[in-house]
There are 2 protein chains.
Amino acid sequence: MSKDSLPGLTLCNNAALRRAARKLGKFYDDVVEPSGLKATQQGLLYQIHIGDEPAMGAIATSLIMDLSALGHTLKPLIRDGYVETFADPDDRRVKRVRLTPQGLVKLDEAMKLWHIAQQRFEDVAGKDKAERLRAALDEIAALDFDLPPATP
Amino acid sequence: MSKDSLPGLTLCNNAALRRAARKLGKFYDDVVEPSGLKATQQGLLYQIHIGDEPAMGAIATSLIMDLSALGHTLKPLIRDGYVETFADPDDRRVKRVRLTPQGLVKLDEAMKLWHIAQQRFEDVAGKDKAERLRAALDEIAALDFDLPPATP
DNA sequence: TTGAATTAGTGGCATATGCCACTAATTGTG
DNA sequence: CACAATTAGTGGCATATGCCACTAATTCAA
């Protein structure tokens, strides 16, 4: 047996979440790697794909990520020709995003690999457990931590 | 109501995990911010603190993070004088890590804030739910995704 | 209509993480 | 003992994310 300090038992919710994210992230990354995409990129392409030429702000909101972070993350995908953007004709502040034809092909390729990772995860962790986990994570994502402003 | 595309329902375990991590990370970061540390840094200082002058490799293993990533993450903390390293006298390949006196003070300060975040999270999410969540996350962190090498 | 306030993105800077190639120190072995 | 194999870190490069200041486009109000 290895000397893994403590058997697990992380007390901090945030630390436990990040730790698990590193672990699972590496697993999905490894499986999706043959496509040349990181799991995050595959996820982002997918998000763009299921949206109707979504605006950047809409994507950022869905993914609960900073708008500028989304912009940065998009860059390599644009550089590699998988994604393109265009100004919304009705509101030129808004920039919409869509997959290029190559992006669609690449997404298909990556999704096949993603299915493998997803399937294997559910085999190892258990399908119900995975489902409950996702539900719990979605709940967290939906929580409102704001202190009630003393109801004026 | 806002136009939040789908009500949640993330299908990818990894994507759901990252999304929740962004959300919770921002919350902990915001609460811990007055200390000048990010929640990840507070967590790292804590990990170092509870260890007995842990070697970098040991910390990386505990946190399930890449050794080089740990090295990078440590740099700002060393630069700011919260952490120092020294070669293990018995094996000079090994670099051990410990808090400086200022690091200890800073950790105390950050832990007070962390408690607030932790408490508030558990108030909002529910104590049992939080506990079950951490357990589930620790389980994920402990999973073994390797395909059995055909037992030679 | 015009100027203030708001909204959507960008670019720069900083941390978080991972991979790879490379170096130093140890260990194992003939 | 000398050399191959292994182990622990480092440094460079790339993506992931967030904050802030700033610009452009819109909306709102006097």
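Below, chain A is the first sequence line, B the second, and so on; all start at residue 1. Worth knowing before you read on, the calculation uses all heavy atoms, side chains too, and leaves out hydrogens, waters and symmetry mates.
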Could you check B:Leu70 against A:Gly57 and say which one's nearest nucleotide on DNA chain C is further toward the 5' end?
->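 Looking at DNA chain C, the more 5' nearest nucleotide goes with A:Gly57.
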For the pair made of [atom1] in [X] and [atom2] in [N], what is the distance, rounded to whole Å?
X       : N      : atom1 : atom2 : value
A:Gln47 : D:dA16 : CD    : C1'   : 16 Å
B:Leu44 : C:dT15 : CG    : C1'   : 12 Å
A:Asp90 : C:dT7  : CG    : P     : 19 Å
B:Leu77 : C:dA16 : CG    : P     : 7 Å
B:His72 : C:dG18 : NE2   : C1'   : 8 Å
B:Lys23 : D:dT17 : NZ    : P     : 16 Å
A:Arg92 : D:dT23 : CZ    : P     : 18 Å
B:Asp29 : C:dA16 : CG    : P     : 9 Å

Can you name the one residue among B:Gln118, B:Gln42, B:Lys38 that meets side-chain hydrogen bond (donor to acceptor under 3.5 Å, both in side chains) with B:Tyr28?
->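 That would be B:Gln118; it is the only one of B:Gln118, B:Gln42, B:Lys38 passing the side-chain hydrogen bond (donor to acceptor under 3.5 Å, both in side chains) with B:Tyr28.
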Side-chain N or O of A:Arg18 less than 4.0 angstrom from OP1 or OP2 on C:dT17?
->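 Checking A:Arg18 against C:dT17: at least one side-chain N or O falls below 4.0 Å of OP1 or OP2.
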A:Lys75 side chain near D:dA14 phosphate (N/O to OP1/OP2, under 4.0 Å) | no
Identify whether any heavy atom of [X] sits under 4.0 Å from a base atom; if not, whether one sits that close to sugar-phosphate; answer base, sugar-phosphate or nothing.
X       : value
B:Asp91 : sugar-phosphate
B:Arg79 : sugar-phosphate
B:Ser68 : base

A:Phe145 six-ring face occupied by B:Arg120 cation (under 6.0 Å, within 45°) |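 Here B:Arg120 fails the 6.0 Å and 45° test against A:Phe145.
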What's the closest nucleotide to the B:Pro76 side chain, out of C:dA16, D:dA24, C:dG18?
->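 Per side-chain heavy atoms of B:Pro76, the pick is C:dA16.
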Could you check which of C:dA16, D:dT17, C:dG9 has an atom nearest any side-chain atom of A:Thr73?
-> D:dT17
In terms of hydrophobic clustering (I, L, V, M, F, W, Y; side-chain heavy atoms under 4.5 Å; direct or indirect links), are B:Leu45 and B:Val105 co-clustered?
-> no
Within one Ile-Leu-Val-Met-Phe-Trp-Tyr cluster: A:Leu17 and B:Leu143, side-chain cutoff 4.5 Å = yes
On DNA chain D, nearest-nucleotide positions of A:Asp88 versus A:Gln41: which is more 5'?
->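 The residue closer to the strand's 5' end, by nearest nucleotide, is A:Gln41.
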For B:Lys38 and for A:Lys38, find the nucleotide of DNA chain D with the closest heavy atom, then tell me which residue's nucleotide is more 5'.
-> A:Lys38
List the atom of B:Val97, the atom of B:Thr85, and the distance in Å for their closest heavy-atom pair.
-> CG2-CG2, 4.1 Å
Between the base of D:dT7 and the side chain of B:Arg93, is there a donor-acceptor distance below 3.5 Å?
-> yes
